[in-house]
Number of protein chains: 2
Amino acid sequence: MPFTYEHPHPAVATDIAVFTLRRGALHVLLIERGAEPFRGAWALPGGFLQPDEELDDCARRELMEETGVAAELLLPVANFSAPGRDPRERVISVAYLALLPSDELKLQADTDAAQAKWFPLAELPKLAFDHGAILARALDTLSAHARQVSPLFALLPPRFTLSQLQGAYEAVTGDDAEKRNFRKMVATLGCVRETEDFAHGSHRPARLYEAAA
Amino acid sequence: MPFTYEHPHPAVATDIAVFTLRRGALHVLLIERGAEPFRGAWALPGGFLQPDEELDDCARRELMEETGVAAELLLPVANFSAPGRDPRERVISVAYLALLPSDELKLQADTDAAQAKWFPLAELPKLAFDHGAILARALDTLSAHARQVSPLFALLPPRFTLSQLQGAYEAVTGDDAEKRNFRKMVATLGCVRETEDFAHGSHRPARLYEAAA
DNA sequence: ACCACTTAGTGTCGTCAATACACGAACATG
DNA sequence: CATGTTCGTGTATTGACGACACTAAGTGGT
């Protein structure tokens, strides 16, 4: 006897708040919806769970499909399950946040999205569905994780200067860190290893570091 | 035109790891399954999401239905989405942990459960589905939260002694705290307020405290 | 009434992490 | 070669954390 469906089956989707650092400021990736509901509105990228797919994989796949990039870091944020949050039908949204190094910026909208674009957090448009709330939760989660420093590596190139790392820390947490204390903290954490190379910019070169172990 | 179901719709359930403190040791509440699959095996309480019900409410409802108690504290743990985790069909499990004060122990099994019983963590039976993994994650989550101290209030009566609080802290985190340092930490956190009353036991009475603000 | 026992409650010191603060070094540019 | 800008470092002070031993207050038994 086949299993009978005794329980309601909601749709399940992942939504991803993708962050990157551009000119020292945190930006979030939004897509303009190409279909109803909320056609023309901006929304977080995301999509429905496929059969035989884990939730994490769904988030990675959607990210790849909608932006063409692989997430460096993918962290769970929360579930959103308010009954009316999607006007079509019951949709449970599993929210993630992803961090990308600022280089990979080849955005390519797919069929569901009219366009994809980076927005600085200070200039957010009104978002579709409850995506404003999801984004706010994602920012909280990100800020909490960033205090461990090592999640920030996902925002930076493989080798980076301590000034870059501190800039990322400040942009994400909002805190202002004192340079010498920040360097001592990083040294105590032991999460970076110094390399023999230096970044040559327009002034004194800065030593390059990489993620430890 | 009604919305058409373009995406697979998995079942969605909540599973709850319910903890309490009995004789100073952390216990978890398990039910013996009364139906296939895993009939006769022990499992975490939980059940399927109802229409128009938030995930949190589902967890609270299942807890009330299966044990007759209202959760003092309900915290999200993680989602479990491995495709084969339920042999019947695709089920996404949203895991929560709940804390109960040790008094409320009127366990009443419902139709789905042959019986409900508290198990000390040292004497766990083999669990149905992937509930062993869920429980392990719940314990990690609990231990992390317990370092903030205030979640522990949910394990204690409304007024409690500092020794009780420390006992809960040690049982949950596994750490051994030094009495004077623990008291200093609690004072620094400011999360308790002393009352004018004392607990009279078999020796010197201990001042009762309550959750602050 | 007294004693023995058990738990409650407190103060100090050493160590270490977090904060604040100012200057010389290295390179690019004009 | 002078100037400007970023890189990079040492020290003193404070507050948290960990280890440590004793007195205080009640119960229970004799």
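Convention: sequence-line order gives letters A, B, ...; per-chain numbering from 1. If you're wondering where the values come from, they're calculated on a predicted model, not measured in any experiment.
Sorted by residue number, the members of residues 175-187 of chain A with any non-hydrogen atom under 4.0 Å from DNA chain D read A:Lys179, A:Arg180, A:Arg183, A:Lys184. Using a 4.0 Å cutoff on non-hydrogen atoms, the parts of residues 202-211 of chain A near DNA chain D are A:His203, A:Arg204, A:Pro205, A:Ala206, A:Arg207, ordered by number.
Residue contacts shown for A:Ser163 are limited to sugar-phosphate atoms, with no base heavy atom under 4.0 Å away.
Under the 3.5 Å distance criterion, with hydrogens and angles disregarded, a donor-acceptor pair is assigned to the side chains of A:Asp56 and A:Tyr96.
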Identify each donor-acceptor pair in which a side-chain atom of residues 122-138 of chain A lies under 3.5 Å from a protein atom, sequence neighbours left out, and give them as a table.
| unit_1 | atom_1 | unit_2 | atom_2 | d |
| --- | --- | --- | --- | --- |
| A:Asp130 | OD1 | A:Arg85 | NE | 3.3 |
| A:Asp130 | OD1 | A:Arg85 | NH2 | 2.9 |
| A:Asp130 | OD2 | A:Arg85 | NE | 2.7 |
| A:His131 | ND1 | A:Leu44 | N | 3.0 |

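Between B:Leu165 atom CG and C:dG9 atom C1' the separation is 15 Å, expressed in whole Å. Following rounding to the nearest Å, A:Leu189 (CG) and C:dA17 (P) show an atom-to-atom distance of 11 Å.
With respect to the salt-bridge test (charged N to carboxylate O, under 4.0 angstrom), the residues A:Arg61 and A:Glu53 qualify. Between B:Arg60 and B:Glu62 there is no salt bridge, since no side-chain N of the basic residue sits under 4.0 Å from a carboxylate O of the acidic one.
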Show, in sequence, the C-alpha distance, side-chain angles and deciding distance for A:Glu54 and B:Ser81, and conclude whether the side chain to side chain donor-acceptor pair (under 3.5 Å) test is met. CA-CA 5 Å; A:Glu54 296 240 17; B:Ser81 62; 3.1 Å; yes
Where do A:Phe182 and A:Tyr169 land on the ring pair (Phe, Tyr, Trp, His ring centres under 6.0 Å) test, with the steps shown first? CA-CA 9 Å; A:Phe182 180 81; A:Tyr169 182 89; 5.4 Å; yes
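Between D:dA16 and B:Thr188, no contact under 4.0 Å exists linking OP1 or OP2 to a side-chain N or O.
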